[in-house]
Peer 1: 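Take a look at this one; I'll ask things after.
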Amino acid sequence: MNTYAVIDFETTGLSPGHGARPTEIAVVLVRRDRIVKSYQSLMNPGVHIPHEIQSLTGITNQMVRKAPDVATVMSAAAEFAGDHPLVADNASFDRKFWDAELQRIRRRRHQAFVCSLLLSRRLFPQFPNHKLQTLVRSLRLPDTGRNHRALADAEATAHLLLRLQQELVRRFRLPSVDCRLLLSIQRACRGQMEACVRNHKGSRK
DNA sequence: TGCCAGGCCCTCTTTAGGGCCTT
């Protein structure tokens, strides 16, 4: 079954290597052409949320004070995601936090990370920029609510993933798109996307 | 004291620099 676990973190900063911790996570399961299940939770990061990030996300120190701790939430999120390929917008960011927090609870990631930002740059280079909200507007994806909240952004990324898959099917007349092809395209240099698809078609014969 | 992310991508590049994108 072609199922993906789309994730999004809200955090106290940009780098777990400099003490940033997650404040919220959402995991959205996408199967075939739709969202089938979702998980979302605030968590107590155990560190102060800077004022500018509270303004950005709307998540305050007061909101997370009584939330479950990060270990509890990450354990539940990892169970929910299972072994499905993970998807995130600008996956290098979410991957850092996912791996760092799993390491804290002595777990390891075994699945690949698909990046909707890299795929969007390959498939829609004509857009003025590739911010998630710009892609939502440009592609007329469903409005999922307040951006910079985990569930809204994870759902937006899930709709973007479905749109990217539809675009690949349409543009290259593919019967379907699997995780291996997505990873191959996101790793390819500019101009090599067609070669990726040709190789992929050849390997399926 | 002062600074502090990091991966990807482009180009006036490749012995580098800077913008984009995530919070």
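Excluded from the calculations below are hydrogen atoms, water molecules and symmetry mates; all remaining heavy atoms, backbone and side chain alike, are included. Chain A is the first sequence line, chain B the second, and so forth, proteins listed ahead of strands; every chain is numbered from 1.
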Peer 1: For atom C1', what is the distance between B:dT13 and B:dC8, given to the nearest Å?
Peer 2: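 Comparing C1' positions in B:dT13 and B:dC8 gives a spacing of 15 Å.
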Peer 1: Scan nucleotides 18-23 of chain B against the protein and return all N/O pairs shorter than 3.5 Å with their distances rounded to 0.1 Å.
Peer 2:
residue	atom	partner	partner atom	Å
B:dC21	OP1	A:H130	N	2.4
B:dC21	O2	A:N90	ND2	2.9
B:dT22	OP1	A:L132	N	2.8
B:dT22	O4'	A:N90	ND2	3.0
B:dT23	OP1	A:D153	OD2	3.3
B:dT23	OP2	A:H148	ND1	3.0
B:dT23	O3'	A:E10	OE1	2.8
B:dT23	O3'	A:T11	N	3.0

Peer 1: How far, in whole Å, is B:dG2 from B:dT15 if one measures between their C1' atoms?
Peer 2: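 It comes out at 29 Å once rounded to the nearest Å.
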Peer 1: Considering only the P atoms, how many Å lie between B:dG18 and B:dC12, rounded to the nearest integer?
Peer 2: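 It works out to 15 Å between them.
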Peer 1: Rounded to whole Å, please give me the gap between CZ in A:F97 and P in B:dG7.
Peer 2: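 A:F97 atom CZ is separated from B:dG7 atom P by 13 Å.
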Peer 1: Between A:F97 and A:F93, how do the two ring planes meet: parallel, tilted or perpendicular, split at 30° and 60°?
Peer 2: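 A:F97 vs A:F93 ring planes: tilted.
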Peer 1: Considering only atom C1', compute the distance from B:dG7 to B:dT1 and round it to an integer number of Å.
Peer 2: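 Those two atoms are separated by 30 Å.
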Peer 1: Say whether A:N129 and A:T134, considering side chains only, have a donor N or O and an acceptor N or O under 3.5 Å apart.
Peer 2: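 A pair is found: one side chain offers a donor N or O, the other an acceptor, under 3.5 Å apart.
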Peer 1: So A:V28 and A:Y4, do their side chains get closer than 4.5 Å, heavy atoms only?
Peer 2: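 No, side chains not in contact.
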Peer 1: Is A:V30 reachable from A:L181 through a run of I, L, V, M, F, W or Y residues, each pair having side-chain heavy atoms under 4.5 Å apart?
Peer 2: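 In one cluster: yes.
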Peer 1: Take atom C1' in B:dT23 and the same atom in B:dT11, then report the distance between them in whole Å.
Peer 2: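 The answer is 29 Å between these two C1' atoms.
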Peer 1: State which residues pass salt bridge (charged side-chain N to carboxylate O under 4.0 Å, His left out) with A:R21; sequence neighbours excluded, sorted by chain then number.
Peer 2: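 Once residues adjacent in sequence are excluded, the partners of A:R21 under the salt bridge (charged side-chain N to carboxylate O under 4.0 Å, His left out) criterion are A:E101.
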Peer 1: Between B:dT14 and B:dC10, how far is it from one C1' atom to the other, in whole Å?
Peer 2: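 Here B:dT14 and B:dC10 have their C1' atoms 12 Å from each other.
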Peer 1: For the pair A:W98 and A:F113, name the ring-plane relationship: parallel under 30°, tilted 30 to 60°, perpendicular over 60°.
Peer 2: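 Judged by the thresholds at 30° and 60°, the geometry between A:W98 and A:F113 is perpendicular.
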